[in-house]
Amino acid sequence: MRQQYFLAPTLRDTPADAEVASHRLMLRAGLIRQLAAGIYTYLPLGYKVLRKIENIVREEMDRTGAQEMLLPALHPAEIWQETGRWDVYGPELMRLKDRHDRSFALGPTHEEVITGLLRDEVNSYKKLPLTLYQIQTKFRDERRPRFGMLRSREFIMKDAYSFDLDHEGLNKSYAKMYEAYHKIFERCGLDFRAVEADSGTIGGTDTHEFMVLSEIGEDTIAYCDACAYAANIEKAEAVQTTYEQWATDPSPTVETVDTPGVRTIEQLSDFLQVDRKQIIKSVALEVDEQVVIALVRGDYDVNELKVKNLLQGESVRLLDESEVHSRLHSVPGFVGPIGLDDHVRLVADYSVRGIEQAVVGANEQDKHLIGVSAERDLALEDYYDLRHVVEGDACPKCQGTIRFAQGIEVGHVFKLGTKYSAAMGATYLDEQGKAQPFVMGCYGIGVSRLLAAIIEQNHDEHGLIWPKSVTPFDIHLIAVNMKDDHQRALAEEVYQRLLDNGYDVLFDDRDERAGVKFKDADLIGIPLRLVIGKKSKERIIEYKRRRTEETGEMSVDKLMAHMAEMWSQL
RNA sequence: CGGGAAGUGGCUCAGCUUGGUAGAGCGCCUCGUUCGGGACGAGGAGGUCGCAGGUUCAAAUCCUGUCUUCCCGACCA
């Protein structure tokens with residue numbers, strides 16, 4: 001491609017609205033332009049990379065035996081109503097009406113559509129297992145699109161769906177995908193971890209997220225410094241903490257003390273001169289319709305998701321201040337586990353077990369209770385893992401220690417089971433002629449997010465640095481001075497020879513000064529650069545590797561041998 | 001949805017406090033000089049100052065409303 005007419009408008013100044021590196025560089029290097037919040041145009045350069053990523057995904061999917069297809073992006077409301085997700089999915093579902101006032105949605109994911117298809121088209125155990133996938137534009141009306149392509153409202157996703165006879169089959173399909181995902185992200189040149197996760201609104205049991213390690217990642221990963229254990233912080237197991245670690249003398253009787261205006265654990269710890277570990281934190285939640293108080297030791301935080309999962313609820317949220325009064329008959333900042341109404345469900349984290357002389361809220365303005373014994377005074381049936389892990393926790397799998405890292409979620413694999421097939425009556429006939437629901441898995445990769453994640457891990461202060469596998473061009477050929485006849489002629493010759501030998505070349509044939517060309521080349525980040533300049537009369541040209549900045553010279557007559565060697569070393 | 005910031009030519013921004021003529025740098029076009037890390041000179045094109053309403057003889061500037069974008073939080077595949 002000749003750069004003179006190639007639409008890759010580079011910017012000298014950083015667009016004011018771009019904060020994160022990938023967004024900034026994609027705009028500056030001319031990969032994308034923004035149309036609206038979370039909605040982007042892919043310019044030729046950006047689209048070229050995107051297609052390379054798609055092809056890696058496609059190759060690895062095909063290798064597992066999955067079949068590519070394309071489902072509609074526009075979905076009639078009825079199919080979403082069948083599974084109940086028309087209501088459950090909420091405002092993130094982009095909805096619209098046609099001229100007859102019929103409701104539609106722009107697909108944010110395709111469980112309904114694919115399950116509906118299989119319900120009609122596959123009826124026999126003889127046709128299973130089956131895995132189908134597509135690479136397609138998805139729509140999600142994010143509350144807050146941000147970080148450029150990392151969280152957008154219209155994005156490109158690869159979604160795959162497996163259909164099996166039973167859970168054993170699902171496990172095999174899942175394992176294949178899990179392995180394929182590793183290959184895909186390795187081929188993209190990424191530093192990533194597969195982590196255990198919560199399944200969220202898509203539903204299902206087992207699930208892993210694929211996280212690209214990055215400081216700007218929105219997810220926190222808890223990983224072990226000794227073994228392979230890694231989990232999203234929302235899911236990470238907290239090891240049962242034992243009584244002996246913080247036991248104090250047995251409690252005397254419970255007393256009420258005045259604590260005017262003391263509302264936080266920190267203030268309380270200062271005010272009463274007690275260790276935070278001696279305070280029992282009471283968090284007021286609603287799980288589905290049920291009011292729940294979750295107890296955790298004062299130096300920990302409640303993981304709401306764990307509370308929801310313990311009670312097998314569908315939703316969880318904090319009660320707001322007015323609800324603490326109206327539904328809990330307590331006072332915000334002074335909520336405690338003693339003297340609650342019967343309808344309130346009390347659950348406690350392992351860390352609460354055995355605390356003596358504890359401090360808790362009194363459910364009265366400006367009052368706390370002291371001298372509480374968890375065993376004696378709290379009517380607890382049992383203790384559970386309800387807290388967030390913290391750095392330094394013990395690993396749940398080995399003797400190691402938990403550390404945190406930030407990650408960008410680029411892939412997610414779920415075992416759905418029969419959640420959708422049962423809801424939609426999607427069944428096959430087994431060998432006994434009996435109808436059985438498909439046992440399903442679903443597997444997503446945010447392809448456009450992957451593009452941004454690759455950039456987050458592959459750039460420097462000058463611009464992009466493409467991994468070989470996804471680079472938009474193989475070689476950036478620069479003629480320093482297009483007005484010099486020797487240089488121009490040699491550049492044209494080299495360009496043709498590279499093309500003839502199968503290299504994809506961006507040829508900077510613009511009538512620009514050398515500095516402009518070099519700056520743009522650094523910004524665009526093609527891994528190999530060939531510069532045709534002063535020594536063109538001697539048929540000598542220079543090369544530079546973008547990533548290492550290594551430079552050198554070569555004779556044009558040995559061009560192909562050199563290129564083959566340099567390319568193989570990338 | 002709560003909090004904060006910002007909308008002036010393609011990009012980065014000044015002007016607004018104290019109302020009166022719309023500016024700079026980069027980019028773009030023409031000519032000349034230059035030509036290995038974002039050149040220089042001269043000339044030129046390009047802007048209903050986000051939109052609507054109000055105040056005023058007069059609004060980019062003051063007032064009200066509204067839309068959009070970004071950041072933090074809440075929320076979330």
Side-chain angles (χ1 to χ4, degrees), chain A residues 7 9-20 23-24 27-28 30 33-40 85 88-93 107-111 138-148 150-153 155 157-159 197-204 207-211 216 218-219 232 234 304-305 315-318 320-321 407-414 442-446 448-449 461-463 478-484 487-488 508 510-524 529-536 541-542 544 549 551 553:
Chain A
L7 183 63
T10 55
L11 300 174
R12 294 193 184 198
D13 294 313
T14 301
D17 283 344
E19 289 275 322
V20 301
H23 190 200
R24 209 168 54 225
L27 288 167
R28 282 197 60 210
R33 286 295 181 262
Q34 182 173 31
L35 181 63
I39 303 176
Y40 295 87
R85 284 211 295 181
V88 173
Y89 211 93
E92 288 209 358
L93 188 64
T109 178
H110 281 71
E111 285 81 8
K138 296 281 191 276
F139 300 88
R140 292 187 192 176
D141 195 359
E142 293 282 348
R143 250 172 225 223
R144 189 180 157 207
R146 58 177 150 179
F147 303 149
L150 285 171
R151 181 169 294 275
S152 52
R153 294 192 293 175
F155 59 98
M157 184 170 174
K158 184 285 302 180
D159 46 326
D198 188 80
S199 53
T201 55
I202 289 196
T207 167
H208 287 85
E209 293 169 335
F210 288 79
M211 296 283 192
I216 63 141
E218 295 182 86
D219 293 281
N232 193 306
E234 67 187 10
E304 295 164 29
L305 216 51
S315 68
V316 63
R317 64 182 183 88
L318 283 167
D320 65 34
E321 298 216 345
I408 300 166
E409 183 189 346
V410 290
H412 205 156
V413 291
F414 296 86
C442 83
Y443 317 91
I445 289 179
S448 44
R449 181 182 280 184
E461 67 272 28
H462 302 297
I478 295 178
V480 169
N481 186 348
M482 283 299 284
K483 285 183 181 149
D484 181 300
Q487 291 188 26
R488 173 190 283 272
D508 193 344
R510 297 176 300 167
D511 184 17
E512 290 285 353
R513 294 169 65 84
V516 173
K517 294 188 176 192
F518 292 146
K519 288 286 186 190
D520 274 348
D522 287 340
L523 185 57
I524 291 171
R529 179 187 311 176
L530 291 181
V531 180
I532 296 185
K534 283 175 180 156
K535 293 190 181 172
S536 59
I541 65 178
E542 292 163 40
K544 183 170 185 180
E549 299 191 336
T551 58
E553 293 186 342

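Note that this is a predicted model, so its numbers are computed, not measured. FYI, side chains are in, hydrogens and waters are out, and symmetry mates aren't considered; it's all heavy atoms of this structure. Numbers restart at 1 for each chain; the letters A, B, ... are given by sequence-line order, proteins then strands.
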task: Can you figure out which of B:rC75, B:rU34, B:rC76 approaches the side chain of A:Arg151 most closely?
output: B:rC76

statement: Nucleotide by nucleotide, nucleotides 66-73 of chain B touches protein heavy atoms under 4.0 Å in the pattern (B base, S sugar-phosphate only, - none) ---SSBBB

- request: Counting Watson-Crick and G-U wobble pairs only, both distances under 3.5 Å, name the nucleotide matched with B:rA22, or none.
  value: none

- request: Check the pair A:Val480 / A:Lys534 against side chain to side chain contact (heavy atoms under 4.5 Å, CB included), numbers first and verdict last.
  value: CA-CA 8 Å; A:Val480 169; A:Lys534 283 175 180 156; over 6 Å; no

message: Any non-hydrogen side-chain atom of A:Ser448 less than 4.5 Å from a side-chain atom of A:Met157?
response: no

- line: Across all chains, not counting sequence neighbours, the ring-ring contact (aromatic ring centres under 6.0 Å, His included) partners of A:Phe210 are A:Tyr178, A:Tyr181, A:His182, A:Phe185

- request: Any chance you could lay out the side chain to side chain contact (heavy atoms under 4.5 Å, CB included) test for A:Ile408 and A:Glu218, step after step, and finish with the verdict?
  value: CA-CA 6 Å; A:Ile408 300 166; A:Glu218 295 182 86; over 6 Å; no

query: Going by modelled atom types, is there a donor-acceptor pair between the base of B:rG36 and the side chain of A:Glu542 at under 3.5 Å?
result: yes

- prompt: NA contact type, A:Glu218, heavy-atom cut-off 4.0 Å: base, sugar-phosphate, or nothing?
  reply: nothing

message: When you measure from the side chain of A:Arg146 to the backbone of A:Arg151, do you find a donor-acceptor pair of N or O atoms at a distance under 3.5 Å?
response: no

statement: Of A:Gly533 and A:Gly411, the one whose nearest nucleotide on RNA chain B sits closer to the 5' end is A:Gly533

statement: Checking N1-N3 plus N6-O4 or O6-N4 for Watson-Crick, or N1-O2 and O6-N3 for wobble, each under 3.5 Å, the partner of B:rG73 is B:rC1

query: RNA chain B: A:Ile445 or A:Ile532, which has the more 5' nearest nucleotide?
result: A:Ile532

- prompt: Got a sec, which residues hit side-chain hydrogen bond (donor to acceptor under 3.5 Å, both in side chains) with A:Lys535, two or more places apart in sequence or on another chain?
  reply: A:Glu553

message: Any donor-acceptor pair, under 3.5 Å, between the side chain of A:Lys544 and the base of B:rG37, if you only look at N and O atoms?
response: yes

- line: Applying side-chain hydrogen bond (donor to acceptor under 3.5 Å, both in side chains) to A:Arg317 and not counting sequence neighbours gives A:Glu286, A:Glu323

query: At under 4.0 Å between heavy atoms, what does A:Lys517 touch on the DNA or RNA strands: base, sugar-phosphate, or nothing?
result: nothing

- request: Identify, with sequence neighbours excluded, every residue that meets ring-ring contact (aromatic ring centres under 6.0 Å, His included) alongside A:Phe518.
  value: none

Below 3.5 Å between N/O atoms, which protein atoms pair up with nucleotides 39-46 of chain B? Just atom names and distances, please.
none

